[in-house]
Amino acid sequence: MVEREVDIPTPKKRKYHHNVSMSPVSGETLRRERLSLPIYPARRKIIQQVQRLDTVILIGETGSGKTTQIPQYLMEAGFGKIGTVACTQPRRVAAVTVATRVSKERGCELGAQVGYCVRFDDMTSENTKIKYMTDGMLLREAIGDPLLKRYSVIILDEAHERTIQTDILFGVVKAAQKRRKQSNLRPLKVIVMSATMDVDHFSQYFNRAPVLYLEGRQHPVKVMYTMEPQEDYIYAALVTVFQIHQEAPPQEDVLVFLTGQEEIETLARTMRDIAYHCPSDAPSMVVRPLYAALPPTAQLKAFEAAPTGSRKVILATNIAETSVTIKGIKHVVDTGMVKQRLFRPTSGLDSLVVKKVSKAQAWQRTGRAGRESSGTCYRLLTEEEFEQLAQTTIPEIQRVNLASVVLQLLALRIHDIMEFDFMDKPARESLLTALQQLHLLGAVEKQKQVQLTPLGRQMAAFPLDPRFAKVILAAKDHHCTEEILTIVAMLSVDSVLFTPASKREMAAAVRRKFMSEEGDHIMLLNIYRAFKAVKGNRPWCQENFINSRNVSNAMDIRGQLRDLCQRLQIPLESAGQDTAVIRTCLAKGLFMNAAELQRGGEYITIETRQPVAIHPSSCLFQCKPGYVIFSELVQTTKCYMRDLSVVDQRWLQEAAPNYFKQDRT
DNA sequence: GAGCACTGC
């Protein structure tokens, strides 16, 4: 079997901004600021260590300036001459904002000496010496070049967050470093930067690399515990906020960590209500919710300063833990709870569960009270309860379906998945489940070793869950890529429908015109087409309860998927009026997510015979089709199927004859 | 008849 290469495309190049001109004054100020950063005294030591050693671990608190300065130090020490200095970030915004900042410090155009590279946006050039990028982006590059030859230094920043991508990069970078050494290539220097308490774990993994500690610029935060365990953390949060409100000066804002949208909205209503009935001499209170699903304009309100004399109370999810920082926070109220995704390999079921945070996470939250001056953190736990929390959060790689991860590893030509050098190995069972799933999709085969089939190699080129990559490749044979690309793109973004609690009926009525008796996938196609027909017109979106930001994201993703198809010589073809063929293609990837109607009118999944129900938001909710496929299963009050399509039983058989061999029907 | 944290390619 010949392994055919599929090159992994990089994002489109963007032109430089030619309007970034620096006045000498601000340039000088920036240079002075660089010298006054707490990290500056460690400059020489850091450079020496990197010159002397292959791997260095840097532990630094927030505010040390490590992310902006260390790449510059290394470039100034000559590492930019022999290759690029890369610095990876878990989030896009971080990569973009840090690169912008650093290019200003160097007084150069963004994209010239200093640039960034994130999905849909490459701001680099041949001259770029310092490149900030998302960790996912570097991982994509590694598929095309496992030795990462263009880099002289790779800095893995925010390593303590342990995202799946960072975790895989650990192994990939370590292997690249070793192989470059063995083949007498230019050495690859690796720097791991973390705010972790888990220093030994990192050092052990990276061949006992030495650890450098960097001083930060964080103000002291006083930590308070409750005297008694709290049965109701929401009520406890409410009481604590009003205690602070009574005692503290009104300009001191409060940040409360909660678990989700509904909890936040309910508590916000209660708080406004109580604040309204407070004695009139008390300072007023502005309550602002903050969570990712909130429309951007509403999100911005959380960042606006409250009117003079009133206090701002922000009720946030863990979006405020890492993704955004809010000025003026003096008090943090930590419920000690978080909503977390959990995957059970035995049932293949994903669920979201509310659980206690880890100590590391609690400290991260605490730090949010000490950004500008000293503050206070109220933990709604007793000190004993806190001591019993887990030390760190379980890394994501041990909590999710690994089908994508395994496909990526195989694309990186790592064949012995079970023996991959994970910093924390996922459960053997999870890896086997993933391999089996890929096998069923026709992505892997076992010769002497497990390897990708030509189909699997093509699938790996798509930034998608393997099931959806398969759907696209099936669409090629059924000549309906046009429609399938749209549906897959729409499934890749957050919900395009939004339903305000107060206008539920109106939203449902308006939505009827997009509905299809074939299911939600066809409905998504209808919505996308309608959106395009009106060119994303804002008032239209409002009237139709469509989230325009999310549909726009879907358009970007569709564009990327279309470009990938072009590279793989998959023609763009439309099914015309034939919507059945579209559902046939969906079945080729989603046959593992299939359910059948029972005599009693209930559904069970075909494979695991597990009782499931149609989600009430589905357009098939009132219908009882014999066979359905679905995009995902979500466990809440029941086990619900989301995003369904009606299918013919034969399509399932045809999609995976072996899988359904022992079927009783 | 129900409500889903957060990222990323």
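Remember, predicted model here, so these are calculated numbers, not experimental data. So that the names make sense, note that chain A is the first sequence line, chain B the second, and so on, each numbered from 1. Reckoned from all heavy atoms, side chains included, excluding hydrogens, waters and symmetry mates.
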Handout entry: Whole angstrom value for the distance that separates P of B:dA5 from CD of A:E262
Key = 9 Å

Practice task
Look at all strands and tell whether A:T163 reaches a base, only sugar-phosphate, or nothing, counting heavy atoms closer than 4.0 Å.
Solution key: nothing

Practice task
Please state whether the phosphate of B:dA5, meaning OP1 or OP2, lies under 4.0 angstrom from any side-chain nitrogen or oxygen of A:Q261.
Solution key: yes

Problem - Rounded interatomic separation in angstrom, taking CG from A:D465 and P from B:dT7 - result: 19 Å

Exercise for the section: Answer with base, sugar-phosphate or nothing: what part of the nucleic acid does A:Q622 contact at a heavy-atom distance below 4.0 Å? Expected result: nothing

Fill in the blank from the handout: Whole-Å distance, A:I557 CD1 to B:dC9 C1', equals 9 Å

Problem - base_contact_polar (B:dC9 base, A:R92 side chain, donor-acceptor, <3.5 Å) - result: no

Problem - Nearest to side-chain heavy atoms of A:R119, which nucleotide of B:dT7, B:dC6, B:dC9 - result: B:dC9

Handout entry: Value in whole Å for how far the P atom of B:dC6 lies from CD1 of A:I319
Key = 6 Å

Handout entry: Those residues that, when tested against A:R162, pass salt bridge (charged side-chain N to carboxylate O under 4.0 Å, His left out) (two or more places apart)
Key = A:D167, A:D424

Exercise for the section: Mind calculating the distance between OH (A:Y291) and C1' (B:dT7) to the nearest angstrom? Expected result: 19 Å

Practice task
Could you check how far CD1 of A:I394 sits from P of B:dA5, rounded to whole Å?
Solution key: 20 Å

Handout entry: Selection from B:dC6, B:dA5, B:dC9 that lies nearest to any side-chain heavy atom of A:K339
Key = B:dA5

Problem - Closest nucleotide among B:dC4, B:dC9, B:dA2 to the A:R140 side chain - result: B:dC9

Exercise for the section: Using a heavy-atom cut-off of under 4.0 Å over every strand shown, decide if A:Y640 touches base, sugar-phosphate, or nothing. Expected result: sugar-phosphate

Problem - Between B:dG8 (P) and A:F462 (CZ): distance, integer Å - result: 22 Å

Exercise for the section: Using heavy atoms to find the nearest nucleotide of DNA chain B for A:S492 and A:F621 separately, return the residue whose nucleotide is more 5′. Expected result: A:F621

Exercise for the section: Pick base, sugar-phosphate or nothing for A:E321, based on heavy-atom distances below 4.0 Å to the nucleic acid. Expected result: nothing

Handout entry: Partner set under side-chain contact (heavy atoms from CB on, under 4.5 Å) for A:S430, not counting sequence neighbours
Key = A:P345, A:L402, A:A427

Practice task
Would you indicate what A:R642 reaches in the nucleic acid, counting non-hydrogen atoms under 4.0 angstrom: base, sugar-phosphate, or nothing?
Solution key: base

Problem - Ion pair check, A:R91 and A:E161, cut-off under 4.0 Å - result: yes

Handout entry: A:K327 atom NZ: more than 12 heavy-atom contacts under 6.0 Å
Key = no

Practice task
Check whether any side-chain nitrogen or oxygen of A:T134 sits under 4.0 Å from OP1 or OP2 of B:dC9, and answer yes or no.
Solution key: yes

Exercise for the section: Please determine if A:D421 and A:K174 form a salt bridge, counting it only when a charged side-chain N lies under 4.0 Å from a carboxylate O. Expected result: yes

Practice task
Measure the distance from CE on A:M641 to P on B:dC4 and round it to the nearest whole Å.
Solution key: 17 Å

Practice task
Report the nucleotide, chosen from B:dG8, B:dC9, B:dC4, that has the shortest atom-to-atom distance to any side-chain atom of A:V118.
Solution key: B:dC9

Exercise for the section: Please work out if A:V634 contacts a base, only the sugar-phosphate, or nothing of the nucleic acid, heavy-atom cut-off 4.0 Å. Expected result: base

Exercise for the section: Indicate yes or no: does A:K149 engage A:E141 in a salt bridge with an N to O separation below 4.0 Å. Expected result: no

